[in-house]
Amino acid sequence: MVNEKAKKQIRATVQLIPSGCVASYGQIADLAGLPGRARLVGKCLQVEGTQPLPWYRVLRSDGKIAFPPGSEFAKEQRSRLLEEGVDVRNNRVSLKQFGWTPELHALLHDLRF
DNA sequence: CACATGACGCGTG
DNA sequence: ACACGCGCCATGT
């Protein structure tokens, strides 16, 4: 899947998401130095999903869980987020709770590679 | 090689 | 909120 470089960048970035926060596939792609490649992030998580990554903190840009409502994956993601105190209602997190303040975003951007 | 299919995103209507 | 269209890219027919 993809080149090893992109894979590592994506994994590293996903691990930066603090507990209790969430990010979108697009944000992860940007921070990983892969602007416009949100799909690649999803693909990568699908393959690397079994590894110790907080994959459940990644949502669509509109705050919705990417899996079909009611599916096992969606249920697991929901419960994991709830455990961290993230409010999930109707398969979505309010954008207000994205947790990526401009400050945090800038910090992560500076830390990047 | 031509298409179709996604853990996507953004602009429009 | 819903539906398209288009851009994006790895994978599979």
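A quick note: this is a predicted structure, and the numbers were derived from the prediction, not measured. Every chain is numbered from 1, with letters handed out A, B, ... down the list of sequences.
The existence of a salt bridge linking A:Glu84 and A:Arg80 is excluded, since no basic side-chain nitrogen approaches an acidic carboxylate oxygen closer than 4.0 Å.
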Sugar-phosphate or base contact per nucleotide [nucleotides 8-13 of chain B; S, B, -; heavy atom under 4.0 Å]: BSS---
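Across A:Gln77 and A:Val58, no two heavy atoms sit closer than the pair NE2-O, 3.1 Å.
By the side chain to side chain contact (heavy atoms under 4.5 Å, CB included) test, A:Ser61 is found to be paired with A:Ser24, residues two or more places apart in sequence or in another chain being considered. A:Arg37 is linked by a salt bridge (charged side-chain N to carboxylate O under 4.0 Å, His left out) to nothing, counting only residues two or more places apart in sequence or in another chain. Listed by chain and number, the residues in a side chain to side chain contact (heavy atoms under 4.5 Å, CB included) with A:Arg39 amount to none (sequence neighbours excluded). Remark: A:Arg92 pairs with no residue by the side-chain hydrogen bond (donor to acceptor under 3.5 Å, both in side chains) rule, at least two apart or across chains. Contacts of A:Glu83 classified as side-chain hydrogen bond (donor to acceptor under 3.5 Å, both in side chains), with partners at least two apart in sequence or in another chain: none.
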Sort me out a list of protein N/O and nucleotides 2-5 of chain B N/O pairs below 3.5 Å, or just none if empty.
none

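Distance A:Arg37 CZ to B:dG6 C1': 17 Å, rounded to the nearest Å. Following rounding to the nearest Å, A:Phe67 (CZ) and B:dG6 (P) show an atom-to-atom distance of 13 Å.
Within 4.0 Å of A:Arg92, counting heavy atoms only, lie sugar-phosphate atoms of the nucleic acid but no base atom.
Taking atom P in both B:dA7 and C:dC6, the straight-line distance is 22 Å, to the nearest Å.
Residue pairs that meet the side chain to side chain donor-acceptor pair (under 3.5 Å) test with at least one member in residues 62-72 of chain A, sequence neighbours left out, are A:Glu72-A:Lys75. For the ring-ring contact (aromatic ring centres under 6.0 Å, His included) condition, no pair includes a residue of residues 11-46 of chain A, sequence neighbours left out. For residues 60-87 of chain A, every residue pair satisfying the ring-ring contact (aromatic ring centres under 6.0 Å, His included) rule, not counting sequence neighbours, is listed here: A:Phe67-A:Phe73.
Between chain A and DNA chain C, the heavy-atom contact criterion of under 4.0 Å yields a 5' to 3' nucleotide range of C:dA1 to C:dT11.
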